[in-house]
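One structure is given below, encoded as structure tokens.
Residue indices begin at 1 and follow the sequence shown.
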Amino acid sequence: MDASSIRPFRIGGTWRGNASDASHTIVSINPADGSIAATIACATSNDVDEAVALAWDAFRNKPWRKLRPDQRATTLYEIGRRLSAERESLAHLQMIDSGKPLKECLNMVDSAAGHFRYYAAVCETWQNEVTSPRGEYFSMALAEPFGVVACITPWNSPIMNEAQKAAPALAAGNAVLIKPSEETPQLALELARICLEAGLPEGLMTALPGYGEDVGAALVKHPGIRMISFTGGTDTGRTIGAIAGQRLIPVGLELGGKSPHIVFEDADFDRAVAGVMSGIFGSAGQSCVAGSRLFVQKRIYARFIKSLVEKTRALRVGLPDDPDVQMGPLISKAHRERVAGYVDLARQEGGNVLVGGAPPTDPRLQNGWFYMPTIIDGLSNNARVCQEEIFGPVLIAIPFEDEADVIAQGNDTVFGLAAGMWTSDYARAWRVARELDAGSVWINTYKQSHIATPFGGFKDSGIGREKGLHGLRLYSQIKSVYFGMHEKPMGL
């Protein structure tokens, strides 16, 4: 793509964005080298109004919501097939938009395609509920679409997050408006194109690139939006939730995390080291479920940290198109400065930086936003870097005594998105898993993800569940229907 051109977006059959007008655009920067990945036309509040009106027209007047479930499933299967067919090009586009290593991007496209296939299957097999009678009637609980839903997605895994919202929302019969992150705007445009080419009626899926304070705010406040789904930071989620509460519309919020990753003394040592590294340094730590607080039982703490530091030093940080790279850049210069600021704060709080703590010195990486994988110890769980989400490759290590100690420390946070533990004692694993305040708990694994298993958080980590059957329910409202079977008029 010519970096000097302005890429338009589409509302219905009309392309928006003047190719010669650079005054209202989003510039996507390749985090690996600082080059321009794309210049995208930016939506306006008028565009939001038109997109909402078009979506309602499509919802009311096109057959999508009234199709039999197997008919909707046919289109969803085709969207999944087309995503898989364009796997290489979509992965490359996400790589230059987000800086993720290419192999991660390929996995993300596979996941996106899998979401559409899964919800096509759910759509075909979904059963409404026949409720137990308490009189001379027959009653049912039916799942109905909301109408037009707004989906606001983050920059860390764009194609996967957009599919994770769009697939169940469409399967439920809704029209969908996606506002992608301004950092990674291109994948949502591609998903909207693929949906249209796969046969989804025009107007049922529109991508609106823009900034959160403009397009995002306009969507959240728009009277035509009947449900909001947001993935991102907790502060923004709280603001969206407050607006949704005032408007009395449902909201799904998948927010931040500060996940405890626990290693008991009886753990498989080498597997635990590898799991801890993957849990924090995968995606350069830019993951809501990153295992950013490491708790190691005291009797193995010194040996475990020594091994972890040695293996972390050997991690290959490099350009995302390198097939051997293990960690790519952070999303932007501003975000790297934020991460570096937290490492400086950890030093001020008395922490010891055991490895990392600075950008790389490799001259090939100087134009990108790289930061070395970092491990810090010497802090208590009360330190700010242990309580606030850094969203980068920074791990804080803390020793613990026993089950009671680690449960108390693990739960001592406002977040509750995920947790992990390594132990050979499955009775203990079960006890601790039940006590941890987390929406997902991994035992002898970490960051395992499955489209059929619900995902979401406790406490300040969110409201609602995506994935699985719960994902379809998130985008549905329940209607109760009664058929009277009375032989005589009621009340007589």
Side-chain angles (χ1 to χ4, degrees), residues 1 3-4 6-7 22 24-40 42 92-102 104-105 153-158 161 180-187 209-214 216 231-233 235-236 256 280-288 290 292 315-322 325-348 353 355-374 376 384-385 388-395:
M1 180 182 294
S4 65
I6 298 175
R7 180 176 180 178
H24 201 65
T25 58
I26 297 171
V27 178
S28 173
I29 301 297
N30 183 339
D33 60 13
S35 65
I36 295 177
T39 304
I40 312 292
C42 190
H92 183 267
L93 194 63
Q94 179 164 287
M95 180 188 73
I96 63 173
D97 236 13
S98 70
K100 274 183 173 291
L102 182 59
E104 280 192 48
C105 294
T153 58
W155 47 257
N156 57 330
S157 298
N161 279 295
S181 167
E182 53 267 31
E183 302 279 7
T184 53
Q186 297 196 78
L187 277 301
Y211 294 93
E213 59 268 28
D214 299 322
T231 298
D235 289 343
T236 303
I280 184 61
F281 300 132
S283 300
Q286 299 171 123
S287 170
C288 54
S292 53
L315 280 176
R316 294 184 294 276
V317 178
L319 297 172
D321 58 354
D322 181 347
V325 72
Q326 294 174 291
M327 202 178 89
L330 302 184
I331 187 64
S332 66
K333 181 179 181 181
H335 188 60
R336 185 176 69 175
E337 290 174 349
R338 180 179 184 274
V339 170
Y342 269 110
V343 175
D344 289 341
L345 175 62
R347 291 187 176 104
Q348 295 167 19
V353 177
V355 63
T361 57
D362 186 338
R364 296 172 301 173
L365 308 181
Q366 297 310 298
N367 292 328
W369 315 127
F370 295 87
Y371 197 83
M372 296 302 288
T374 300
I376 300 169
R384 278 184 58 191
V385 293
E388 299 177 17
E389 187 176 37
I390 299 174
F391 217 69
V394 179
L395 179 67

Distance-only side-chain donor-acceptor flag, Glu104 / Ser283, under 3.5 Å: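 Yes, because at least one side-chain N or O of Glu104 sits under 3.5 Å from a partner of the opposite role on Ser283.
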Of all heavy-atom pairs between [X] and [Y], which one has the smallest distance, and what is that distance?
{"X": "Ile331", "Y": "Pro31", "result": "O-CG, 3.4 Å"}
{"X": "Gly318", "Y": "Val325", "result": "N-CG2, 3.2 Å"}
{"X": "Leu319", "Y": "Ala32", "result": "CD2-O, 4.0 Å"}
{"X": "Leu93", "Y": "Gln186", "result": "CD1-OE1, 3.4 Å"}
{"X": "Pro359", "Y": "Arg336", "result": "CB-NH1, 4.0 Å"}
{"X": "Cys42", "Y": "Gly210", "result": "SG-CA, 3.5 Å"}

Say whether, by atom type as modelled, one donor and one acceptor occur between the side chain of [X] and the main chain of [Y] under 3.5 angstrom.
{"X": "Ser98", "Y": "Lys100", "answer": "yes"}
{"X": "Arg338", "Y": "Ile390", "answer": "yes"}
{"X": "Asn156", "Y": "Gln286", "answer": "yes"}
{"X": "Thr374", "Y": "Gly357", "answer": "yes"}
{"X": "Tyr371", "Y": "Gly392", "answer": "no"}

Partner of His335 under ring-ring contact (aromatic ring centres under 6.0 Å, His included), chosen from Trp369, Phe370, Trp155: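 The ring-ring contact (aromatic ring centres under 6.0 Å, His included) with His335 is passed solely by Trp155 among Trp369, Phe370, Trp155.
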Are side-chain heavy atoms of [X] and [Y] found at a separation under 4.5 Å?
{"X": "Ile96", "Y": "Asn30", "result": "yes"}
{"X": "Met372", "Y": "Pro393", "result": "no"}
{"X": "Pro373", "Y": "Met327", "result": "yes"}
{"X": "Tyr211", "Y": "Ile26", "result": "yes"}
{"X": "Pro154", "Y": "Asn161", "result": "yes"}
{"X": "Val394", "Y": "Tyr342", "result": "no"}
{"X": "Ile36", "Y": "Val27", "result": "yes"}
{"X": "Pro180", "Y": "Thr153", "result": "yes"}

CA sep, side-chain torsions, deciding dist, call: Ile40, Ile6, side-chain contact (heavy atoms from CB on, under 4.5 Å): CA-CA 5 Å; Ile40 312 292; Ile6 298 175; over 6 Å; no
What distance do [X] atom [atom1] and [Y] atom [atom2] have between them, rounded to the nearest 0.5 Å?
{"X": "Gln348", "Y": "Arg384", "atom1": "CD", "atom2": "CZ", "result": "9.0 Å"}
{"X": "Ser292", "Y": "Ile376", "atom1": "OG", "atom2": "CD1", "result": "11.0 Å"}
{"X": "Leu345", "Y": "Glu388", "atom1": "CG", "atom2": "CD", "result": "7.5 Å"}
{"X": "Glu213", "Y": "Thr236", "atom1": "CD", "atom2": "OG1", "result": "10.0 Å"}
{"X": "Thr25", "Y": "Arg7", "atom1": "OG1", "atom2": "CZ", "result": "14.0 Å"}
{"X": "Ser157", "Y": "Leu187", "atom1": "OG", "atom2": "CG", "result": "10.0 Å"}

Residues which pass salt bridge (Lys or Arg N to Asp or Glu O under 4.0 Å) with Asp362, listed by chain and number, not counting sequence neighbours: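 Applying salt bridge (Lys or Arg N to Asp or Glu O under 4.0 Å) to Asp362 gives Arg364.
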side-chain contact (heavy atoms from CB on, under 4.5 Å) between Leu315 and Phe281, intermediate numbers included: CA-CA 9 Å; Leu315 280 176; Phe281 300 132; 3.6 Å; yes
Derivation and outcome, side-chain contact (heavy atoms from CB on, under 4.5 Å), residues Val317 and Gln326: CA-CA 6 Å; Val317 178; Gln326 294 174 291; over 6 Å; no
